[in-house]
Amino acid sequence: MSHRSTVILGTGSYAPKRVLTNEDLSRMVDTSDEWIRARSGIRERRIAAAEEATSDLAFHAAQRALKDAGVAASEIDLVVVATVTPDYPMPSTACILQHKLGIPTTAACFDLNAACSGFIYGLDTACALLASGRYKKALLIGAEKLSCIVDWSDRGTCLLFGDGAGAAVIGVSDRPGVGLIGTRLGALGEDTDLLLVPGGGSRAPATADSFKKGDHFIKMKGKEVFKLAVRVMEEAARDILEQHHLDAHQIGLVIPHQANLRIIDAIAKYLELPIERFFVNVDRYGNTSSASIPIALDEARQAGRIRRGDVTLLVAFGAGLTYGSALIRW
Ligand SMILES: CC(C)(COP(=O)(O)OP(=O)(O)OC[C@H]1O[C@@H](n2cnc3c(N)ncnc32)[C@H](O)[C@@H]1OP(=O)(O)O)[C@@H](O)C(=O)NCCC(=O)NCCS
């Protein structure tokens, strides 16, 4: 078999129009713009319209990625949607999106839940399936409407999250040395209770009472998540660099999960890289979970911050607690 590199052929992103500023939040809960900026680096986030579901956000991002790649929907044979806020518990958002985009019925379509690490988990999955030779072109999307699972009366969580979508079209190249160099995925399953939506699943199906208690909203132990996030992102970054005999200084751009500027700062210090080497847009979008990295990736490409030959490091963590890193050469 000839060498198969898996390469990102195009990217796209979409953020809903409505902007919710820290000022706006301070009229909803007891907080302030100053506190939110100091503790998280976030200034504003986007909120989807009531009639906009995750597949609608995904649709716009996917269309832009297909256009950027110069690939027709008819060429896609694999659709992976990373999300924790699917349109419905079933069927998958990937099937809904397939139909919206006019992707052939012979394409495999499924959702993947790795929370905020979803795009990196999806990248690993899609690239492995492409490298197997069984698929030719994949559409990978991270899309979230987190605003519908955020408790807007909980000041400890509502400041962090927002809505959005990012997409990548991935294909195969016989040019060696480009594309996905490697990934490093993992999960700390013992820490599921630090960040979860307790109600609405098979453990505690939704009832009128659970709804009243707000069990369908995100519950988070912010301080504990913060500490673990820094630890696992450092490990994931260090391991993948070591595995591929790369020094942090050889990385052109780091695209971290956009959860909190202080977490990104901590990773920068650990890798001994200036913060300028990191792509940061958490100030404008907050944490959009699985959409966070692909939105940042698309904006970084558009801003000319990724050049041919560059190596990019993606690194994320999320509920699970999942974590992951990936190295890409362009
Ligand atoms: C949520 C987060 C910003 C809170 O920051 P923190 O520095 O840990 O703050 P704490 O939770 O310790 O709270 C400190 C104080 O501020 C208060 N506070 C919490 N939220 C507040 C808000 N929005 N506005 C004002 N005060 C707030 C707390 O009540 C607490 O007061 P106390 O000391 O009187 O009890 C931070 O923990 C965080 O970002 N964690 C990681 C979360 C994350 O990334 N989740 C997504 C994973 S993918």
Side-chain angles (χ1 to χ4, degrees), residues 20 25 28-31 36 39-40 42 45 47-48 50 52-55 57 81-94 110-122 142-165 185-233 257-260 263 286-292 316-324:
L20 186 76
L25 265 186
M28 297 156 64
V29 290
D30 182 13
T31 190
I36 298 173
R39 296 297 177 112
S40 70
I42 299 167
R45 66 289 291 143
I47 305 294
E52 256 179 329
T54 294
S55 70
L57 308 181
V81 177
T83 187
V84 294
T85 48
D87 284 22
Y88 310 106
M90 73 172 196
S92 72
T93 304
F110 63 92
D111 288 3
L112 179 156
N113 177 347
C116 303
S117 312
F119 189 80
I120 298 180
Y121 267 66
E144 304 285 1
K145 187 179 180 181
L146 294 176
S147 59
C148 62
I149 58 165
V150 165
D151 180 350
W152 293 103
S153 68
D154 176 7
R155 70 173 184 170
T157 58
C158 72
L159 72 147
L160 293 174
F161 300 105
D163 302 335
L185 307 182
L188 311 177
E190 74 268 28
D191 290 309
T192 47
D193 61 318
L194 296 185
L195 180 55
L196 87 168
V197 175
S202 62
R203 175 67 59 199
T207 61
D209 192 44
S210 75
F211 188 78
K212 233 185 283 163
K213 285 199 328 225
D215 287 348
H216 54 300
F217 292 135
I218 297 173
K219 312 286 179 207
M220 182 181 75
K221 295 183 180 138
K223 255 201 168 19
E224 284 93 326
V225 172
F226 191 103
K227 281 185 214 145
L228 271 184
V230 172
R231 199 192 90 200
V232 295
M233 280 172 83
H257 173 48
Q258 308 283 316
N260 185 319
I263 296 178
N287 178 351
T288 58
S289 193
S290 64
S292 162
F317 74 98
L321 288 172
T322 59
Y323 63 91

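Because only heavy atoms are used, hydrogens play no part in the values below, and waters and symmetry mates are left out as well, while side chains stay in.
The minimum heavy-atom distance linking I42 with L159 is given by the pair CD1-O, 3.7 Å. Scanning both residues, F217 and P198, for their nearest heavy atoms gives O-CD, 3.5 Å. For the residue pair A291 and G164, the shortest heavy atom distance occurs at CB-O, 3.3 Å. Between A115 and G318, the shortest heavy-atom contact is CB-C, 4.2 Å. S210 and H216 make their closest contact through O-ND1, 4.3 Å (heavy atoms, listed as atom of the first residue, atom of the second, distance).
With no hydrogens or angles considered, a side-chain donor-acceptor pair links E144 and S290 at under 3.5 Å. Looking only at atom types and distance, the side chain of D111 has no donor-acceptor partner in the side chain of T83 under 3.5 Å away.
At least one side-chain heavy atom of D191 sits less than 4.5 Å from a side-chain heavy atom of L228. Proximity of L57 to E52: side-chain heavy atoms (C-beta onward) are separated by under 4.5 Å at one or more points. V29 has its side chain out of reach of D154: every pair of non-hydrogen atoms, C-beta onward, lies at least 4.5 Å apart. With contacts defined as side-chain heavy-atom distances shorter than 4.5 Å, the pair V150/R45 does not qualify. F226 is listed as a side-chain neighbour of N260, based on a closest heavy-atom distance under 4.5 Å. In this structure, I218 and L195 have side chains that are in contact, with non-hydrogen atoms separated by less than 4.5 Å. Under the 4.5 Å side-chain criterion, counting only non-hydrogen atoms from C-beta, Y121 is not in contact with N113.
The aromatic rings of H257 and F317 sit perpendicular to each other, their planes meeting at more than 60°, with 30° as the lower class boundary.
Here D193 pairs with K221 in a salt bridge; the nearest charged N to carboxylate O distance falls below 4.0 Å.
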